[in-house]
Amino acid sequence: TFRLGQSVHLRAAVAALDHGETYDETGIDYDADLELRHGAVLLDWHPGGRGFRLTAGGVWNDNEVVATAPIEELLRREIPNLPPLTFDAGTLRGTVTVDSVGPYLGFGFGNPFAGGRWGIALDLGAVYHGTPGVTLVADTMIPIELIPGGQEALDRELAEEEQELQAEVEDYRFLPVVSLSISFRF
C-alpha cells in the first residue's frame, strides 16, 4: 500500500486458490478443478482518514474451471442401454474461462497508515469478469468415425452438453471477494 494523500491510498494485491469438486448438474459426473489466480491494482479512499474505505480498481484474471469426465457417460445419454465398457472410450475435457481484465468495486475496514506499525483489514467487494465461456471437447480412444453415424451422434451430444454447461454458468458474471489482511509498516 502506498499513501497518495491523507485519505487516498494505492494498493496492489495478488491471490491464488485451487479447489477440486465433483460437478454433476447436467447428469454427467465431472471432476472439476477451480483455479483462481488474479492480481489487482486498487485505489482506496478513506473518508475522514479513518479505517472505513471505499475501493475501486482493476483486476487481472487467470481464473478458470477445468473439468474431465469419462466419455462413456456422454455416450450413455445417446445409448441408454449401453453396457459397461471394458475399455477406456476417452475423456470429455471442459474449460470455463472469464475475461482476463475486469473492474473491482468494494468497501472495507482498515487503514495501514492509521495507528501503530501493525494493522488488520477486511475487504468485501466483487470483480466483474464478464460472461463465462464454456469449451467442451471429446478425446476419443475408439475409432468413432468408423461406426455409422457415430461421429454425428458424438458431435450432437457434445454440442448439447456444452450448451447445458454454458446455461449453468451464464449468471456467474461477478466474482465475490472477501479478503482479510495483516499489514506491517517499516
Side-chain angles (χ1 to χ4, degrees), residues 1-5 7-69 73-74 91-114 119-138 158-183:
T1 302
F2 302 96
R3 180 183 249 169
L4 300 178
S7 61
V8 179
H9 304 154
L10 181 65
R11 183 166 44 117
V14 294
L17 173 73
D18 288 343
H19 177 71
E21 194 168 304
T22 301
Y23 177 84
D24 63 358
E25 295 298 316
T26 64
I28 294 177
D29 289 332
Y30 289 95
D31 288 328
D33 292 315
L34 171 65
E35 300 171 357
L36 297 177
R37 309 264 187 284
H38 53 267
V41 176
L42 306 169
L43 190 63
D44 295 328
W45 175 51
H46 296 265
R50 301 221 183 256
F52 177 76
R53 66 175 173 234
L54 298 172
T55 303
V59 175
W60 165 80
N61 291 307
D62 188 24
N63 302 337
E64 69 178 1
V65 176
V66 177
T68 60
E73 293 195 27
L74 185 67
T91 305
L92 289 175
R93 298 186 194 286
T95 306
V96 179
T97 57
V98 295
D99 293 347
S100 60
V101 176
Y104 172 87
L105 286 176
F107 65 95
F109 303 93
N111 184 339
F113 298 104
I120 190 165
L122 173 69
D123 285 285
L124 304 169
V127 175
Y128 177 77
H129 58 192
T131 303
V134 175
T135 304
L136 187 64
V137 296
L158 196 60
E160 184 179 311
E161 178 68 8
E162 186 175 87
Q163 287 175 351
E164 286 183 38
L165 290 170
Q166 184 66 48
E168 288 287 324
V169 301
E170 197 77 21
D171 294 331
Y172 294 100
R173 293 183 175 107
F174 292 90
L175 175 67
V177 175
V178 177
S179 172
L180 181 64
S181 59
I182 298 172
S183 62

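FYI, the numbering just counts along the sequence from 1.
Side-chain atoms of N111 come within 3.5 Å of backbone N or O of F113 as a donor-acceptor pair.
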query: After noting the C-alpha distance and the side-chain angles of R93 and T68, does the key distance pass the side chain to side chain donor-acceptor pair (under 3.5 Å) rule?
result: CA-CA 5 Å; R93 298 186 194 286; T68 60; 5.5 Å; no
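With Q166 as the partner, the side-chain hydrogen bond (donor to acceptor under 3.5 Å, both in side chains) test is satisfied by one option alone out of Q163, E162, E170: E170. The side chain to side chain contact (heavy atoms under 4.5 Å, CB included) test with D123 singles out one residue from T55, V178, V177, L42, and that residue is T55.
Within the model, atoms OG of S100 and CG of D62 stand 9.0 Å from one another, a figure rounded to the nearest 0.5 Å. Distance check, rounded to the nearest 0.5 Å: CG of L105 to OH of Y128 gives 13.0 Å. Summarising the geometry, atom CG belonging to N63 is positioned 10.5 Å from atom OG1 belonging to T97; distances are rounded to the nearest 0.5 Å. Taken from CZ in R173 to CG in L175, the straight-line distance is 14.5 Å, to the nearest 0.5 Å. Expressed to the nearest 0.5 Å, how far CZ of R11 lies from OG of S183 amounts to 10.5 Å. Taken to the nearest 0.5 Å, the CG atom of L136 stands 8.0 Å off from the CD1 atom of I28.
Nearest heavy-atom pair, V59 versus V127, reported as atom, atom and distance to 0.1 Å: CG2-CG2, 3.8 Å. Closest approach of R53 and P47 over heavy atoms only: CA-CD, 4.4 Å. Annotation for F107 and L54: closest pair CB-CD2, 4.0 Å, computed over non-hydrogen atoms. Among all heavy-atom pairs drawn from P132 and V96, the shortest one is CB-CG1, 3.7 Å. Listed here is the closest heavy atom pair of G130 and D99: CA-OD2, 3.5 Å.
Looking at heavy atoms from C-beta onward, T95 lies out of side-chain contact with V137 at the 4.5 angstrom threshold. In this structure, the side chains of L10 and V41 come closer than 4.5 Å at one or more pairs of heavy atoms. For the pair V65 and H19, the minimum side-chain heavy-atom distance is 4.5 Å or more.
Listed by chain and number, the residues in a ring-ring contact (aromatic ring centres under 6.0 Å, His included) with F52 are F109 (sequence neighbours excluded).
Around the CG atom of L180, the shell of radius 6.0 Å holds more than 12 heavy atoms that belong to other residues, nucleotides or ligands. Around atom OH of Y172, no more than 12 heavy atoms belonging to other residues, nucleotides or ligands sit under 6.0 Å away. Crowding of R37 atom CZ: a count of heavy atoms from other residues, nucleotides or ligands under 6.0 Å exceeding 12.
Residues R3 and D44 are not paired through a salt bridge, judged by the lack of any N-O separation under 4.0 Å between the basic side chain and the carboxylate.
Within the structure, the side chain to side chain donor-acceptor pair (under 3.5 Å) test picks out the following pairs touching residues 23-32 (sequence neighbours left out): Y23-E168, T26-E161, Y30-E161.
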